[in-house]
Student: 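Here it is, the structure in full.
Excluded from the calculations below are hydrogen atoms, water molecules and symmetry mates; all remaining heavy atoms, backbone and side chain alike, are included.
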Amino acid sequence: MTSLNSADPQQVPNKMSGVLRRVYVIGVGMTKFSKPGTSPDYPDMAVEAVSKALKDAKVRYTDVQQACVGYVYGDSTCGQRALYGVGMTGIPIYNVNNNCSTGSTALHLAKQLVEGRQSECVLALGFEKMERGSLGAAFPNKTNPLEKHVEVMANTADISSAPIAAQFFANAGAEHMKKYGTTVEHFAKVALKNHNHGVNNPNSQFQVKRTLEEVLNSPAVHHPLTKFQCCPTSDGAAAAIVVSEDFVKTHKLEDTAVEILAMEMTTDFPSTFEEKSAIKLIGYDMTKAATERALAKSGQKIDDVNVVELHDCFSANELVTYEALGLCPEGKAGELIDKGDNTYGGKYVVNPSGGLISKGHPLGATGLAQCAELCWQLRGEAGPRQVPGAKLALQHNLGLGGAAVVSLYKLGFPRAFSTSSAKMTLPDDNGFKCAPIFKMLGAVLEQDGANLVKKVNGIYGFKVNGGPDGKEATWIVDVKNGNGSVEFEGKATPDVTLQLSDVDLLDLMTGKLNAQKAFFQGKLKIKAASSACGTGGLLWTGNRVEALNLCVEHFS
């Protein structure tokens, strides 16, 4: 008999039915996360998220055999009420509450139902309709589940008037500073990264580009955290369709299926309370153990991960979690941040969605929104925030009280996906490395073209040399007319033409090459076709580098 600690998750014995099955996510959907009080009620948000997930999966609600529905602030059986608007098929619906890890807990249960042969197709849904302001206890006349956590914090640090959740994570940050020399700037850089990533996410609650000074100088919450380093309360919903391999093949869905390689949940260990450590108190050991188990069961290495969606409820938690996940050695998170190994062009891209700090944190929806982002990244469907070459994705979702869920994802059938993607590529792209960039730009325009046309109001030509066998090609990106368009060897006259090599264009649009540096090195040539460059009304004044930077800001 195979050991329960086997590195192959498919060979773990199951007393009921032999071996566990492979599990796939075939469809995801979410609402835009928004400020409490500005969104519709939870049943409407749930219908939107589930409808998007079903459409993405190319299946019907009648294909769903069971549903796991997560929320924190709601009455019993909200899950049933949320799904009545989608359909009333009599399926089992399980209501899930696991604090901030609720969404991924619902997903974890859905995965278990499929891998344990209880169902072929299961819906995981998470939503939250929240009150404005900081979180508080919903049942003050009962024992608070964080009572033991607060007792430890009271014995190791002074409790202030700041929100309790902020104090937990701020104290962990202060402990890290004391032990390893981390600075306030390191925490601020984490938040800055996430704010700026969120600019490219249409589902993000905040889409505001910030500066380091703005983050550092925002109102103090609890040292070392400021307001812009804390996630907001949010309304929103997200969903995923989870299925078996048989279901994927029967319905011919190999071209979009994302495999859940491993998903591990842990709860608090004695060290949470016994070691009198603020870092341990916020779930460091839970995260570390879940990560080690997920890597062992999947046979993957942390160094092979490309993209991470991480529970950044506060910037301090993201920094500490880098070490718990093994993205860097203990005490070296500051160095990872300074090297840029947590963003585009670095070793990992962490929270390309903008994370909780920018995207928002509707508790029940967060874990499923993370899953959605990673599925889009692995499929190459993340538009301007796409992580180049993303093949292995890691998800981390944390709830105090406590639970940590760590998951690993990859494309389930890469060859089928590659064939499908080839069919979707713009015609006659002839194998140029930069071709997927233009495919992504087309997807962005399809999603939000009308708004981008209003903001950009320009036509750009990209004359690319150094392609396969030395070929040259031109793409026309029209962000001036209608809903915009991307055309290979288009005929429209561009306002600005950018000329550079295939490789340099790919590097430029993925942030690896600086536009100004490329211009002065002669790698990039820019030509204006008229006296005005239509990027938000910017007049063509001869400053071609400035014009290019605007182009890249809009599209990269």
Side-chain angles (χ1 to χ4, degrees), residues 104 176 180 182 186-201 258 261-264 284 287-288 290-292 294-295 298-359 367 369-380 382 384-398 404-411 506-507 509-513 556:
S104 56
H176 201 278
Y180 304 115
T182 316
H186 286 126
F187 300 111
K189 285 180 180 178
V190 168
L192 176 67
K193 167 186 68 69
N194 292 344
H195 280 292
N196 292 343
H197 284 181
V199 170
N200 291 320
N201 187 353
V258 172
L261 290 176
M263 179 174 281
E264 289 294 313
Y284 184 96
T287 293
K288 184 176 181 180
T291 305
E292 290 173 349
L295 290 170
S298 65
Q300 303 293 321
K301 297 179 181 178
I302 195 67
D303 287 343
D304 295 329
V305 170
N306 310 114
V307 56
V308 180
E309 279 290 302
L310 184 160
H311 194 93
D312 61 314
C313 49
F314 301 89
S315 61
N317 192 50
E318 177 165 331
L319 184 147
V320 168
T321 301
Y322 292 159
E323 298 173 11
L325 293 174
L327 302 183
C328 64
E330 190 171 308
K332 300 296 184 180
E335 293 181 16
L336 181 141
I337 293 164
D338 289 337
K339 289 192 295 184
D341 276 342
N342 58 351
T343 188
Y344 296 89
K347 187 174 182 180
Y348 311 100
V349 179
V350 181
N351 288 330
S353 69
L356 283 61
I357 286 175
S358 177
K359 185 175 60 194
Q370 291 177 323
C371 171
E373 177 68 21
L374 294 178
C375 286
W376 290 325
Q377 289 287 347
L378 290 169
R379 293 181 192 167
R385 63 187 186 280
Q386 180 65 47
V387 176
K391 293 182 179 179
L392 182 63
L394 184 147
Q395 177 190 358
H396 165 261
N397 194 197
L398 175 75
V405 183
V406 174
S407 312
L408 290 163
Y409 303 84
K410 72 170 185 178
L411 284 178
L506 180 64
D507 288 346
M509 299 302 278
T510 55
K512 294 181 179 179
L513 179 64
S556 65

Student: Does Q377 use its side chain to pair, donor to acceptor, with the backbone of V387 at less than 3.5 Å?
Tutor: yes
Student: What I'd like to find out is whether the side chain of V405 reaches to under 4.5 Å of the side chain of Q395, using heavy atoms alone.
Tutor: no
Student: Take T321 and H311 through the side-chain hydrogen bond (donor to acceptor under 3.5 Å, both in side chains) test and state the conclusion after the steps.
Tutor: CA-CA 8 Å; T321 301; H311 194 93; over 6 Å; no
Student: Side chains of N342 and E318: do they bring a donor and an acceptor to under 3.5 Å?
Tutor: no
Student: Do other residues, nucleotides or ligands put more than 12 heavy atoms under 6.0 Å from K288 NZ?
Tutor: no
Student: I'd like to check H186 versus H176 (side-chain heavy atoms, cut-off strictly below 4.5 Å). Are they in contact?
Tutor: no
Student: Just by distance, do the side chain of K193 and the backbone of N351 share a donor-acceptor pair under 3.5 Å?
Tutor: no
Student: With heavy-atom distances below 4.5 Å as the criterion, would you say the side chains of V305 and L408 are in contact?
Tutor: yes
Student: Hey, does the side chain of D341 reach the backbone of G346 with a donor-acceptor pair shorter than 3.5 angstrom?
Tutor: no
Student: I want to check something: taking the side chain as every heavy atom from C-beta on, are N201 and S358 in contact at a cut-off of under 4.5 Å?
Tutor: no
Student: State, with a plain yes or no, whether a side-chain heavy atom of H197 is found less than 4.5 Å away from one of V349.
Tutor: yes
Student: Between the side chains of K391 and D304, is the shortest nitrogen-to-carboxylate-oxygen separation below 4.0 Å, so that they form an ion pair?
Tutor: no
Student: Quick test of your reading of the model: are E373 and R385 salt-bridged, counting only N-O distances below 4.0 Å?
Tutor: yes
Student: Compare all side-chain heavy atoms of L411 with those of V258 and state whether any distance is below 4.5 angstrom.
Tutor: yes
Student: Could you tell me if the side chain of H396 sits less than 4.5 Å from the side chain of T291, heavy atoms only?
Tutor: no
Student: Compare all side-chain heavy atoms of C371 with those of Y409 and state whether any distance is below 4.5 angstrom.
Tutor: yes
